[in-house]
Colleague: 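Please see the structure below; I have some questions.
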Amino acid sequence: METLYHSGRILTMVEEEDAPEAVLVRDGRIAAVGPLDQLRVRAADAATEVDLDGRTLMPSFIDPHGHLLQHGMLASLVDLEHARSIADIVTAFRDRLAQREEGDRSPLVGAKYDPQMLEEGRHPTCTDLDAVSTDLPVFALHRSMHVAVGNSVLVDGAGLTAHTPDPDGGRFGRFADGTPDGYVEEHPAMAAFAEVLSPGDSGGLLPAGVADPLLAAELAVADYLRHGITTAQEGAADPATIEGLVGAARAGTLGLDVVVYPVVQSGTSAFDAHPEFAGDYADGLRLGGYKMILDGSPQARSAWMSEPYAPIEGDEHPGCAYPIHTPAEVEAFVRAVAEQGRQLIVHCNGDAAAQLWVDTAERIGAELPALLEARPVMIHAQTVRDDQLERMAPLGMIASIFSCHTWFWGDVHLRNFGPERGRRISPARSALDRGVRVTLHQDTPVTPPDMLLTIWAAVNRISRTGQEVGPEQRITTWEALRAVTCEAAYQYGEEDSKGQLREGMRADLVILSGDPLATPPRDLRELAVLETIKDGETVFRA
Ligand SMILES: [Zn+2]
Ligand SMILES: [Zn+2]
């Protein structure tokens with residue numbers, strides 16, 4: 001099968017000034033890029049010609065960090081994203097409860113509430129959620145997925161009292177008298193509810209049966225393809241998530257490439273357990289390496305910092321937040337992954353977390369170079385400092401930056417960190433200037449898998465209230481496009497097959513309504529994905 005694309009803007013992502021007339025696709029690969037008359041000679045008589053009619057053809061987008069199946073799972077939970085008050089949260093849960101079949105006693109789970117968007121400006125408490133039900137578990141996940149709130153059924157079921165100490169690497173919220181208020185911060189604290197939410201299960205926070213993984217995969221894949229993404233990540237997979245993805249792959253429902261990173265605290269035996277996915281993609285799925293999470297998130301004031309947060313109402317004497325793992329655990333995890341020669345991607349939001357990852361990679365990498373050869377990644381890198389970036393460059397450590405933070409939480413960061421540190425959130429310019437490779441992600445489901453919004457955010461750095469957030473950290477449209485195509489391909493070790501339009505590369509393509517390089521920066525997010533092509537076949541059309 002052959003397709004000849006012509007008469008539009010063609011971005012090869014090799015050189016910014018490239019402007020070939022045509023691209024010939026044969027059997028899912030790029031057969032040639034060049035002048036139209038020459039490619040017509042090379043094309044078979046039966047080749048389909050696609051007149052781009054002035055639209056833009058470029059490599060499709062590659063997601064450098066997100067959670068594909070989680071996105072699909074959350075899509076089937078109670079949607080709290082649009083709640084603007086705690087009453088809205090209660091109403092959303094009650095509406096779901098009212099639609100339930102008689103006798104359904106399963107927990108009510110909602111997702112994506114954001115205190116910043118609520119008129120109360122705070123997390124709900126167990127008392128608030130008791131208004132939904134006092135005999136069913138009610139569980140609300142914060143947008144960051146790093147914190148959550150449960151009702152009294154969960155608090156009591158977990159046996160939490162005023163005397164329960166906070167777990168290492170986590171925290172229970174408390175009322176003034178010290179009794180738990182239902183708020184659970186970070187996985188070790190959230191895990192207290194897991195046994196009540198999914199008794200006897202693998203300890204996942206999403207109750208078994210709350211979402212069918214095949215349906216979840218289908219929902220998520222459709223959303224990614226709609227946004228022009230043809231390579232996605234499952235960037236902190238527990239064993240149940242891996243099984244779900246394996247099921248979806250075997251059922252032939254993936255429809256894009258998924259790279260899985262098992263979360264390191266659930267062990268480092270995934271490659272042995274799933275040898276069929278240990279090498280190249282099988283049915284669209286492969287194991288990429290391992291994921292380690294070192295801290296929380298800056299918008300929730302749980303990113304582990306070297307200097308205290310700025311004081312705000314309700315937190316007048318702030319600290320630096322805290323690490324999730326002890327140094328000994330981090331040492332053991334990194335060593336185990338390095339000994340296998342696997343890629344390690346590490347969630348670091350705070351600069352203290354970044355320091356621990358850079359220090360550890362330097363030390364263990366000197367002894368076990370396979371750690372560095374596997375292209376280690378700092379995921380989020382939201383407050384990484386210049387002195388740390390200078391050490392990342394020679395290590396070959398990639399900074400995968402969560403750049404749309406400037407849009408979603410730019411105003412919060414300016415408050416949480418004060419103007420100097422706050423404006424430096426997502427420091428992509430500093431990273432590039434120090435020779436660090438940069439990729440840009442959405443951390444879906446934390447934010448939607450919208451690459452054009454991500455590119456717009458990195459190029460403009462404007463908050464929801466219209467404030468400029470550190471304009472000196474802006475990058476160019478070309479740099480942002482590279483970060484979600486060829487640089488993201490490099491992060492996956494797939495730069496020879498994806499991310500550029502060159503002969504022999506996979507024909508993973510996207511057709512946009514306009515040329516990003518010719519679009520004024522402010523208007524980049526108005527561009528639309530019109531068509532997504534995976535291995536030469538159209539998989540989405542607007
Ligand atoms: Zn993360
Ligand atoms: Zn993530």
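Values below: every heavy atom of this structure, side chains too, minus hydrogens, waters and symmetry copies. Each ligand, and each atom within it, is numbered from 1 in the order the structure gives. This structure is a prediction, so every number in the text was calculated from the model and none was measured.
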Colleague: For the Zn ion (ligand 2), decide whether His67 has an N, O or S atom at a distance under 2.8 Å.
Modeller: yes
Colleague: Is the distance from the ring center of His67 to that of His441 below 6.0 Å?
Modeller: no
Colleague: Answer yes when Glu234 and Lys291 have at least one side-chain N-carboxylate O distance shorter than 4.0 Å, and no when they do not.
Modeller: no
Colleague: How is the N/O/S atom of Asp443 that comes nearest to the Zn ion (ligand 2) named?
Modeller: OD1
Colleague: Does the shortest distance from the Zn ion (ligand 2) to an N/O/S atom of His65 fall below 2.8 Å?
Modeller: yes
Colleague: Is the shortest distance from a Lys or Arg side-chain nitrogen in Asp386 or Arg424 to a carboxylate oxygen in the other one below 4.0 Å?
Modeller: yes
Colleague: Centroid-to-centroid, His380 to His65, below 6.0 Å?
Modeller: yes
